[in-house]
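Only one structure is covered here, and it is reproduced in the block below.
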Amino acid sequence: MTIEQAVALAPASRAIDLIGGDLTEKSLRLHLEGLPGVDAVGLEARAAGLGTRSIKTTSKAWALDTIIRLIDLTTLEGADTPGKVQSLVAKAMTPDPSDLTTPRVAAVCVYGDMVPYAVKALGPNSGVNVAAVATAFPSGRASLPVKLADTRDAVAAGADEIDMVIDRGAFLSGRYGMVFDQIVAVKEACRRDDGTYAHLKVILETGELNTYDNVRRASWLAILAGGDFIKTSTGKVAPAATLPVTLLMLQVVRDWHRLTGERIGVKPAGGIRSSKDAIKYLVTVAETVGEEWLDPRLFRFGASSLLNDVLLQRQKMTTGRYSGPDYVTID
Amino acid sequence: MTHLAIPKTYKLYIGGAFPRSESGRTYEVTTSKGAFIANAAKASRKDARDAVVAARAAFSGWSGTTGYNRGQVLYRIAELLEGRRAQFVDELRSTDGLTEAAATKQVDSAIDAWVWYAGWADKYLQVAGNGNPVSGPYFNISTPEPTGVVAVIAPATHGLLGLVSVIAPVILSGNTVVVVASESSPLSAISLSEVLATSDVPAGVVNVLTGSAAEIAPWLASHADVNALDLAGAEALEWVDLQIAAADTLKRVLPPESGLPALTVDRVTFFTETKTVWHTKALI
């Protein structure tokens with residue numbers, strides 16, 4: 001399959017700049033498969049090493065607040081209702097009603113059809129974005145027109161961010177061009193009437209990619225195709241986000257920044273439930289791409305139960321006694 | 001050839017597992033004359049926190065079983081205790097300096113106490129519950145329900161018997177418990193946790209912390225996820241402060257007792273909440 005220049009619109013300019021005008025399936029494959037292999041043992045050792053830092057007292061207080069600011073508070077259940085989305089939004093706006101100094105989360109993440117309810121509940125100027133999962137989330141098994149319609153619907157309903165899934169089947173069978181084209185097309189579908197784009201997060205579903213080499217290739221591919229964020233997982237597949245995989249994706253982002261000066265975001269999602277784990281991710285971000293990335297525009301946690309644990313820790317720090325699950329909302 | 005003595009290094013009992021203290025600390029357990037017996041883990045506040053999390057997780061399952069079932073599970077522990085009598089007797093002789101006769105008598109009383117409380121598991125409800133008389137076409141029924149996670153400061157003396165007298169009445173109604181064992185003679189508590197680990201009691205129903213009660217108790221007393229506090233062995237601590245800390249989250253608090261806590265069904269009902277239900281008798 002040849003990637004037509006006509007398809008490769010503005011978002012694909014990154015790939016053309018890097019690989020050259022003759023962007024074909026073959027040149028893309030040569031580029032991606034020419035990426036150096038990942039030293040799995042070294043990567044895991046590095047991630048484990050970063051996980052041993054002891055973060056206490058004022059640093060911990062700062063870390064907890066930072067984590068809250070970076071959370072995409074998520075509900076992605078078949079049983080979601082407008083009412084549930086409304087209570088999720090209430091929690092996003094006021095995470096801890098007993099302590100109004102608690103910052104707001106970065107965004108709420110919902111299914112596309114729930115976007116209107118989330119937008120309405122948030123109201124104007126809330127400072128909280130609405131992220132929608134699209135493109136036949138979580139499997140991605142639908143035809144391209146369906147995926148694009150899914151995306152356009154969510155954007156038209158007012159989603160600020162789109163979380164798309166890549167076609168893992170195509171990726172694993174080596175059809176990189178097809179994955180590339182789909183990301184480019186979805187990015188185009190994120191365009192609003194006024195010419196601005198909804199932020200595009202590309203979910204790699206690393207749990208299905210099997211090897212670190214594949215994660216590196218998929219990250220690189222997603223960035224080349226115009227993704228603003230690369231995201232580890234849907235949260236529906238185990239293993240979801242792990243520290244080594246996130247570290248690897250951060251390394252790709254760092255390399256891209258060195259190469260082009262562009263800043264790409266990273267979002268680990270799924271499986272991060274405790275503050276302790278989340279703090280390990282903060283350390284990894286700061287040590288890999290720099291503290292500049294500890295910003296909602298460049299780093300997010302996709303999580304639902306993490307927020308409660310952070311709030312319990314925060315209450316422990318402010319009151320000096322251990323808190324319990326009776327003192328936070330039930331999700 | 002002489003046998004090489006292998007002194008044990010005991011660990012905590014949290015959520016059905018035997019972890020070391022998160023702090024990595026241990027302390028020496030000695031005989032009443034000061035000779036070394038074993039090392040025991042010295043629990044920190046984070047171990048107490050982990051124990052409360054484990055106890056909370058076990059609560060819904062344990063309180064959801066029938067009283068009859070809990071009685072059977074508790075009775076089974078008495079059987080296991082019976083099989084380990086010699087070990088408990090040995091430990092009491094070494095840590096508390098008891099004579100063989102006194103130690104045996106205490107272990108026997110402990111097993112008897114355990115069986116006595118096991119019998120209450122499906123009976124305390126009938127004693128403490130009630131059908132209330134009302135002047136209307138209603139049933140009005142009050143029944144006791146377990147309060148939740150109970151933190152217990154075990155008696156400093158009376159070894160196994162003291163321990164049984166505080167643990168059994170708490171868990172038989174469906175509560176889960178975090179016990180701070182006697183600092184000077186924790187061996188009975190540790191051996192009891194080994195018994196519990198191989199019994200039918202679900203993981204997390206009983207959690208045993210060894211170490212300094214003075215250090216751990218304040219964290220349990222102020223913990224928002226602990227529902228009640230039994231200060232049975234806290235006479236030597238600043239227990240009024242513990243009561244004050246517990247008041248913040250409206251815990252039930254049993255004050256310290258000098259001597260052995262008596263066997264009484266009051267200890268069972270103290271750690272329960274009364275639920276009262278109205279229901280129409282008929283629609284006429």
Side-chain angles (χ1 to χ4, degrees), chain A residues 48-61 63-64 67-68 91 94-102 238 271-280 282-283 303-331, chain B residues 14-15 19 22-24 43-61 63 145-151 175-178 180 204 207 209 215-229 241-253 273:
Chain A
L50 288 168
T52 58
R53 303 285 173 86
S54 180
I55 309 288
K56 300 288 177 202
T57 61
T58 48
S59 311
K60 186 172 178 186
L64 293 176
I67 292 167
I68 296 175
K91 180 148 189 181
T94 318
D96 186 352
S98 67
D99 181 358
L100 297 177
T101 63
T102 315
I272 307 168
R273 293 195 183 84
S274 69
S275 315
K276 201 173 178 177
D277 283 346
I279 288 174
K280 292 178 187 174
L282 293 192
V283 171
S304 45
S305 53
L306 171 64
L307 181 57
N308 275 349
D309 190 66
V310 176
L311 293 178
L312 292 182
Q313 298 282 336
R314 213 174 171 277
Q315 288 172 1
K316 158 73 177 64
M317 297 205 80
T318 47
T319 62
R321 59 170 172 74
Y322 286 117
S323 189
D326 286 352
Y327 298 84
V328 291
T329 58
I330 299 167
D331 294 320
Chain B
I14 297 173
E22 164 276 338
S23 62
S44 68
R45 65 179 169 89
K46 291 197 177 172
D47 296 313
R49 175 198 62 185
D50 292 348
V52 172
V53 170
R56 174 60 61 194
F59 177 69
S60 68
S63 61
E145 292 193 339
T147 184
V149 175
V150 181
N175 293 304
T176 55
V177 68
V178 177
V180 182
N207 303 277
L209 302 173
E215 182 192 332
I216 307 167
W219 292 100
L220 289 169
S222 64
H223 198 307
D225 205 25
V226 171
N227 300 90
L229 192 60
D241 289 347
L242 296 178
Q243 279 189 315
I244 293 168
D248 254 356
T249 46
L250 304 175
K251 287 181 184 59
R252 296 181 173 279
V253 182
E273 310 291 337

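Letters A, B, ... are given to chains in the order of the sequence lines, protein chains preceding strands, and every chain is numbered from 1. What you see below is based on every heavy atom in this structure, not just the backbone, and it leaves out hydrogens, waters and symmetry mates.
A/Ile279 CD1 to A/Ile272 CD1: the interatomic distance, rounded to the nearest 0.5 Å, is 12.5 Å. In this structure, A/Leu311 CG and A/Ile67 CD1 are separated by 11.0 Å, a value rounded to the nearest 0.5 Å.
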Report the donor-acceptor contacts between chain A and chain B below 3.5 Å as a table, one pair per row.
unit_1: A/Tyr322; atom_1: O; unit_2: B/Ala224; atom_2: N; d: 2.8
unit_1: A/Tyr322; atom_1: OH; unit_2: B/Arg45; atom_2: NH1; d: 2.9

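The nearest pair of heavy atoms linking B/Ala51 to B/Ile14 is CA-CG2, 3.8 Å. Nearest heavy-atom pair across A/Ala63 and A/Leu282 is O-CD1, 3.7 Å. Taking both residues in full, the closest heavy atoms of A/Gly324 and A/Leu312 are given as O-CD2, 3.3 Å, listed atom of the first, atom of the second, then distance.
The shortest side-chain heavy-atom distance between B/Val178 and B/Val226 does not fall under the 4.5 Å cut-off.
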